[in-house]
Amino acid sequence: MRGFRPSWLSPKVARTEVLAGLVVALALIPEAISFSVIAGVDPSVGLFACFTMAVTIAVVGGRPAMISAATGAVALVIAPLNREHGLGHLVAAVILAGVIQVVLGSLGVAKLMRFVPRSVMVGFVNALAILIFAAQIPEMRDVPWAVYPLVAGGLALMVFFPRITKAVPAPLVSIVILTVITVAAGIAVPTVGDRGVLPSSLPVPGLPDVPFTLDTLKLIAPYALAMALVGLMESLMTAKLVDDLTDTRSSKTRESIGQGVANIVTGLFGGMGGCAMIGQTMINVKNGARTRLSTFLAGVFLMVLCIAFGPLVSRIPMAALVAVMVLVAFGTFAWRSIAPATLRRMPAGEITVMVVTVAAVIATHNLAIGVVLGSLTAMVIFARRVAHLVNVTAVTDPAGHQVVYSVTGELFFASTNDLIHQFDYSGDPDRVVIDLTGAHIWDASSVAALDAVTTKYEARGKTVEIIGLNPHSARMHDTLSGELTGGH
């Protein structure tokens, strides 16, 4: 049975996973508190969400080493509900969002990820890096001067310490050293404790304090649906990114269902819900984590740090965590994508899609909106490009009794707009042959266009024969011809 032993039981792998999980846990605390503020809830609500999301997704999720917890995107979606109707309705919405995610995952919504182009992925990554960096700027504004050398020192430690040893994650070393310096020297700088009081006990399960009526369902349903879609989008994009970084594959369907289960569990424990956290996932992966153990321990360590070591954790300077996130932002950005040599070779359409994705994310602070707009832009550009790849050539026989039109290319709604105008209805002989050997019919628009061409010829007393249809095109043409324009 030794061959079935999980990889994380190896001492070397376990050490990497444990240390990576610890670094992630430390980075999660201030972020969870910040997202709690955005959602308008007590800091413990966000911290409980991080604990339950990470522990649950480690078991039921599809992407090992990915971190799921309370996130800013989810906080923004559900903040109005909490502000207007209270925490009970927020928790109920989280549970419903989880149910929706399980349903969507079971229906195979994750398969839609195959339609996200690479240029959108690059824009997504770059926008993410910009957002991570931008989120650190307020931490360096209107602060004591000592914050700046601490951030610089933290960055220097993380850059140069790996040259000495990689046995211990450089971010963890940086956090410990900067904390010791500020405490020992009595340097007054913003700390984790300034963000809010850490919880002193574990969360207790229970049902949300709301009336279980149809009116409640109508009230929370729009927020739950929005949260479910945003959470799935960010989680699946993050999973795809980690797949690329680690050269491994993961089950997106299992991840979708797992996100739903994690949100249901989180809601039952009174948390604010969440999804994959890209910043913390990058910290985890960059520190060498590759298994579910790091994700599980990130949640466990978070609660242990808050409950058992709350006073100590509260003294960690925010400058140390800012330095970690700044380095993550620089490491996440795809610098090669904006290199002059790359831009010169890249098609203009690909660059446009990347820019639209980045601009939409930065403008809305919502990665899901950026991905949707980027994908739609890519589809429009693709449709315009393919629309010009249909070619029609005519050959009239020497006796002038018939003309053969050879149509090549992909026939669909965009490429058939001009097809009708490629034929000489008045000047052609009485017999017309349309050869589609080099073409493929994709939709009803193409059949309707061919019907229109046939109708125009028949109105002039000429016969039309369509030949060369491949099996798929022939089935579509036989099924729809004459049914789309009222016959001919």
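Since the structure is predicted, the reported quantities are computational estimates derived from the model, not experimental observations. Excluded from the calculations below are hydrogen atoms, water molecules and symmetry mates; all remaining heavy atoms, backbone and side chain alike, are included.
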Is there a side-chain contact (heavy atoms from CB on, under 4.5 Å) between Met325 and Ile283 once you walk through the steps?
CA-CA 8 Å; Met325 298 308 291; Ile283 293 175; 3.7 Å; yes
Report the C-alpha distance between Tyr148 and Val143 in whole Å, list the side-chain angles of each, state the deciding distance to 0.1 Å, and finish with yes or no for side-chain contact (heavy atoms from CB on, under 4.5 Å).
CA-CA 9 Å; Tyr148 303 110; Val143 293; 3.7 Å; yes
With side-chain contact (heavy atoms from CB on, under 4.5 Å) as the criterion, how do Met318 and Val189 come out once you've worked through the C-alpha distance, each side chain's angles and the decisive distance to 0.1 Å?
CA-CA 8 Å; Met318 286 301 300; Val189 291; over 6 Å; no
Worked verdict on Ser250 versus Lys252 for side chain to side chain donor-acceptor pair (under 3.5 Å):
CA-CA 6 Å; Ser250 61; Lys252 305 303 183 296; 3.2 Å; yes
Stepwise, does the side-chain contact (heavy atoms from CB on, under 4.5 Å) test hold for Val18 with Phe301?
CA-CA 9 Å; Val18 169; Phe301 284 151; 3.9 Å; yes
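Atom CG of Leu229 sits about 6.5 Å away from atom CG of Leu104, to the nearest 0.5 Å. Distance CG/Leu302 to CG/Leu22: 11.0 Å, rounded to 0.5 Å. Distance check: Asn126 CG to Trp335 CH2 gives 8.5 Å after rounding to the nearest 0.5 Å. Here the CG-CG distance, from Leu90 to Leu81, works out to 6.0 Å after rounding to the nearest 0.5 Å. Taken from CD in Glu410 to OG in Ser446, the straight-line distance is 9.5 Å, to the nearest 0.5 Å. In this structure, CD on Gln136 lies 12.0 Å from CZ on Arg141, to the nearest 0.5 angstrom.
A donor-acceptor contact shorter than 3.5 Å links the side chain of Asn82 to the backbone of Ala39. With hydrogens and angles ignored, the 3.5 Å screen pairs no side-chain donor or acceptor of Thr342 with any backbone N or O of Ile338. Without hydrogens or angle criteria, Thr182 side chain to Pro317 main chain gives no donor-acceptor distance under 3.5 Å. Judged by distance alone, with hydrogens and angles left aside, the side-chain atoms of Thr295 form a donor-acceptor pair with the main-chain N or O of Met66 at under 3.5 Å. No donor-acceptor pair under 3.5 Å is formed between the side chain of Thr479 and the backbone N or O of Met476. In this structure, the side chain of Ser294 does not engage the main chain of Arg290 through any donor-acceptor pair within 3.5 Å. Listed for the Asn284 side chain is a donor-acceptor partner under 3.5 Å among the backbone atoms of Ala65. Formation of a donor-acceptor pair under 3.5 Å by the Gln280 side chain with backbone atoms of Val24 is not found in this model. When atom types are taken as modelled, the side chain of Asp443 and the backbone of Phe413 share a donor-acceptor pair closer than 3.5 angstrom.
Remark: of the listed residues Ile316, Leu305, Leu321, Leu305 is the sole one forming a side chain to side chain contact (heavy atoms under 4.5 Å, CB included) with Ile29.
Taking the side chain as every heavy atom from C-beta outward, Thr246 and Arg63 approach each other to under 4.5 Å. A 4.5 Å side-chain heavy-atom check between Leu236 and Lys240 finds every atom pair outside the cut-off. Between Met354 and Met346 the shortest side-chain heavy-atom distance does not fall below 4.5 Å. By the 4.5 Å heavy-atom criterion applied to side chains, Leu327 and Val159 are counted as neighbours. For the pair Met277/Glu234, no side-chain contact is recorded, criterion being any heavy-atom separation below 4.5 Å from C-beta on. Looking only at side-chain heavy atoms (C-beta outward), Met158 and Leu155 come within less than 4.5 Å of each other. Between Pro190 and Pro144, the closest side-chain pair of non-hydrogen atoms falls below 4.5 Å. Side-chain atoms of Met121 and Leu241, non-hydrogen and from C-beta on, do get closer than 4.5 Å to each other.
Scanning all heavy atoms of the two residues, the minimum distance from Gly271 to Val94 falls at O-CG2, 4.1 Å. In terms of heavy atoms, Leu150 sits closest to Leu178 at O-CD1, 3.4 Å. Between Ala75 and Met272, the shortest heavy-atom contact is CB-CE, 3.6 Å. Ile175 approaches Ala320 most closely through the heavy-atom pair CA-CB, 4.0 Å. The minimum heavy-atom distance between Ala334 and Val122, with the atom names listed, is CB-CG1, 4.4 Å. Heavy-atom minimum distance, Tyr223 versus Pro80: CE2-CB, 4.1 Å.
Using cut-offs of 30° and 60° for the angle between ring planes, the Phe133 and Phe330 rings count as perpendicular.
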Pair up each side-chain donor or acceptor in residues 196-213 with any protein partner under 3.5 Å, not counting sequence neighbours, and list the distances.
| residue | atom | partner | partner atom | Å |
| --- | --- | --- | --- | --- |
| Thr213 | OG1 | Thr216 | N | 3.3 |
| Thr213 | OG1 | Thr216 | OG1 | 3.2 |

Identify all side-chain donor-acceptor contacts of residues 47-61 below 3.5 Å with residues at least two apart in sequence or on another chain.
| residue | atom | partner | partner atom | Å |
| --- | --- | --- | --- | --- |
| Thr52 | OG1 | Phe48 | O | 3.0 |
| Thr52 | OG1 | Ala49 | O | 3.3 |
| Thr52 | OG1 | Thr266 | OG1 | 2.9 |
| Thr56 | OG1 | Thr52 | O | 2.7 |

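Around the CZ atom of Phe333, the shell of radius 6.0 Å holds more than 12 heavy atoms that belong to other residues, nucleotides or ligands.
Defined by atom type and a distance below 3.5 Å, a donor-acceptor pair is present between the side-chain atoms of Ser68 and Gln259.
Under the side chain to side chain donor-acceptor pair (under 3.5 Å) criterion, no residue pair touches residues 304-317, with sequence neighbours excluded.
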